[in-house]
Amino acid sequence: MANGQWYPPEWPDRIRALADGSLTPVAPRRAATVLLLKDTPDGPVVHMLRRRASMAFAGGAYAYPGGGVDPRDDDRQIRWAGPTRAWWAERLGVDAAAAQAIVCAAVRETYEEAGVLLAGPRPDSVVGDTTGDDWEADRAALVARELSFAEFLDRRGLVLRSDLLGAWARWITPEFEARRYDTWFFVAALPEGQRTRNASTEADRTVWIRPAEAAAGYDRGELLMMPPTIAALRRLLPYGTAAEVLAAAPACEMTPVRATARLQGDEIVLSWPGHEEFTKHIPTAAEPPGPTAAEPTRPAAPETRTTPAAPETAAAPTTPTVPTTPEPPAAPAASQPTSTPSTTGGGPA
């Protein structure tokens with residue numbers, strides 16, 4: 001394997017079916033994922049998790065916390081701070097209700113899967129600690145969809161800090177995939193006083209890793225990633241701090257990226273516009289090594305929290321040596337996070 005890119009074994013047959021008109025594309029479901037960052041003396045590191053090898057889709061691949069939109073977040077006004085819903089609607093290319101739901105998904109999934117909550121009791125504050133039995137009970141209720149995010153915020157007297165997020169990219173699963181997702185990627189800095197943990201049932205490990213080290217691991221074929229994951233990671237490389245990443249986010253192009261496929265002689269050519277490194281030439285008689293799609297960490301079928309049931313494509317690779325940054329002791333809770341400029345000002349990438 002030249003790098004850590006892989007794709008589902010059923011893609012060639014589905015691509016041929018799409019080309020001859022016997023396959024009707026399914027509508028993509030909305031999802032969100034977050035590149036959570038923190039600063040170190042050697043530069044920013046990003047929080048990544050590895051999907052369990054037993055997962056039906058993308059087993060063994062590295063990804064970011066994320067998942068499907070909860071439709072309830074379209075219908076009820078969320079306790080909100082930061083740029084308006086109308087501002088986010090224009091930024092994300094959707095209407096105001098959908099923008100609220102997508103931003104809610106980003107914040108909720110980061111809490112559900114990493115234990116990090118981008119919310120506070122006031123528009124200029126953020127919670128400093130989300131550990132303890134009572135917090136865990138609420139987190140479990142969110143995961144089970146027994147509690148909506150709006151209800152959770154109301155119960156806790158919290159407001160969602162949309163200004164702590166920066167929109168980073170948007171990828172849509174190819175038309176020939178059986179399960180499709182329209183996924184918005186965000187960036188955010190770890191709030192002061194909070195710590196990450198592996199709260200996902202779909203991940204077997206988490207790491208804090210420098211983007212350059214993760215990208216090098218992918219290039220060597222040691223870290224499996226889907227094209228959206230590594231593309232979002234490479235976009236972090238020019239920046240020396242989490243604040244610089246967030247300052248760059250407003251300038252990021254949010255035109256959706258989606259794969260195209262064509263039959264060319266005895267091979268299928270897969271390409272992602274604007275991302276030539278992912279172009280694949282697949283012999284029609286060959287069996288491919290595994291998946292690549294715009295999947296969030298924990299996609300939700302019919303916008304619920306079900307795990308996709310695509311056939312398993314490949315065993316996880318031998319666990320590579322991943323350079324990681326040890327988690328420092330939790331800092332005292334603070335009312336204002338550091339290195340998290342508002343996205344209403346300057347421009348994150």
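In this chain, residues are counted from 1 in sequence order. Note that these values count all heavy atoms, side chains included, but never hydrogens, waters or copies made by symmetry.
- Between Tyr111 and Val143, the closest side-chain pair of non-hydrogen atoms is not below 4.5 Å.
- Classification of Arg155 and Asp134 as a salt-bridged pair fails, no side-chain N sitting under 4.0 Å from a carboxylate O.
- Between Glu177 and Arg180 there is no salt bridge, since none of the side-chain N atoms of the basic residue sits less than 4.0 Å from a carboxylate O of the acidic one.
- Here the closest non-hydrogen pair linking Ala232 and Phe185 is CB-CD2, 4.0 Å.
- Using a 4.5 Å heavy-atom threshold, the side chains of Val245 and Leu236 count as touching.
- Here OG1 of Thr84 is found 11.5 Å from CD of Gln100. Values are rounded to the nearest 0.5 Å.
- The environment of CZ in Arg156 is crowded: more than 12 heavy-atom neighbours from other residues, nucleotides or ligands sit within 6.0 Å.
- The pair Arg29-Asp182 does not count as a salt bridge, with every side-chain nitrogen at least 4.0 angstrom from each carboxylate oxygen.
- The minimum heavy-atom distance linking Leu158 with Val127 is given by the pair CD2-CG1, 3.7 Å.
- In this structure, the side chain of Trp184 does not engage the main chain of Ala31 through any donor-acceptor pair within 3.5 Å.
- The heavy-atom pair separating Val116 from Arg195 by the smallest distance is CG2-O, 3.9 Å.
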Residues Leu165, Val187; criterion side chain to side chain contact (heavy atoms under 4.5 Å, CB included); working and verdict: CA-CA 6 Å; Leu165 288 168; Val187 290; over 6 Å; no

Working for side chain to side chain contact (heavy atoms under 4.5 Å, CB included), residues Asp154 and Arg79: CA-CA 7 Å; Asp154 287 346; Arg79 294 169 63 97; 2.8 Å; yes

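- To the nearest 0.5 Å, the span separating CD1 on Ile102 from CZ on Arg85 amounts to 13.5 Å.
- In this structure, the side chains of Ile78 and Phe152 stay at 4.5 Å or more apart for every pair of heavy atoms.
- Arg235 contributes a side-chain N or O that, together with a main-chain N or O of Trp168, makes up a donor-acceptor pair within less than 3.5 Å.
- Note that CE of Met225 is 8.5 Å distant from CG of Asp219, once rounded to the nearest 0.5 Å.
- A distance of 12.0 Å separates CG of Leu117 from CZ of Arg139, quoted to the nearest 0.5 Å.
- Considering CG of Leu164 and OG1 of Thr110, their distance stands at 11.0 Å, rounded to 0.5 Å.
- With respect to the salt-bridge test (charged N to carboxylate O, under 4.0 angstrom), the residues Asp70 and Arg76 do not qualify.
- No donor-acceptor contact under 3.5 angstrom links the side chains of Trp272 and Thr279, judged on distance only.
- Looking at heavy atoms from C-beta onward, Ile172 lies out of side-chain contact with Tyr181 at the 4.5 angstrom threshold.
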CA sep, side-chain torsions, deciding dist, call: Leu190, Thr196, side chain to side chain contact (heavy atoms under 4.5 Å, CB included): CA-CA 8 Å; Leu190 178 69; Thr196 56; 4.1 Å; yes

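- Across all their heavy atoms, Ser148 and Glu151 have their closest contact at N-OE1, 2.9 Å.
- Side-chain heavy atoms closer than 4.5 Å link hydrophobic residues (I, L, V, M, F, W, Y) into clusters, and following such links, even through other members, never connects Val159 to Val126.
- Ion pair Glu267/Arg16 not flagged as a salt bridge, since none of the NZ, NE, NH1 or NH2 atoms sits closer than 4.0 Å to an Asp/Glu carboxylate oxygen.
- The side-chain heavy atoms of Glu109 and Val34, taken from C-beta on, include no pair separated by under 4.5 Å.
- With salt bridges taken as basic N to acidic carboxylate O contacts below 4.0 Å, none links Arg170 and Glu253.
- Looking at Thr131 and Trp135, their side chains never come closer than 4.5 Å, going by heavy atoms from C-beta outward.
- Residues Pro211 and Pro44 approach most closely at CD-O, 3.3 Å, considering heavy atoms.
- Taking the six-membered ring wherever Trp is involved, the centroid distance between the rings of Tyr218 and Tyr62 does not fall below 6.0 Å.
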Worked verdict on Gln194 versus Asp129 for side chain to side chain contact (heavy atoms under 4.5 Å, CB included): CA-CA 5 Å; Gln194 294 194 37; Asp129 184 11; over 6 Å; no

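- Leu49 places none of its side-chain heavy atoms less than 4.5 Å from the side chain of Arg205.
- Ring pair Trp171/His275 is tilted by interplanar angle, where 30° to 60° counts as tilted.
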Full working for side chain to side chain donor-acceptor pair (under 3.5 Å) between Ser162 and Trp87: CA-CA 11 Å; Ser162 77; Trp87 185 94; over 6 Å; no

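- How far CD1 of Ile268 is from CG of Asp13: 7.5 Å, rounded to the nearest 0.5 Å.
- Looking at every heavy atom in both residues, Asp74 comes nearest to Ala98 through OD2-CA, 3.8 Å.
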Step-by-step side chain to side chain donor-acceptor pair (under 3.5 Å) determination, Asp42 to Thr40: CA-CA 5 Å; Asp42 297 321; Thr40 75; 5.0 Å; no

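- Residues Val69 and Val94 fall within the same hydrophobic cluster, defined by Ile, Leu, Val, Met, Phe, Trp and Tyr side chains chained together at heavy-atom separations under 4.5 Å.
- Residues Thr173 and Thr183 are not in side-chain contact: their nearest non-hydrogen atoms beyond the backbone lie 4.5 Å or more apart.
- Comment: Arg108 engages Asp73 in a salt bridge, judged by a side-chain N to carboxylate O separation of less than 4.0 angstrom.
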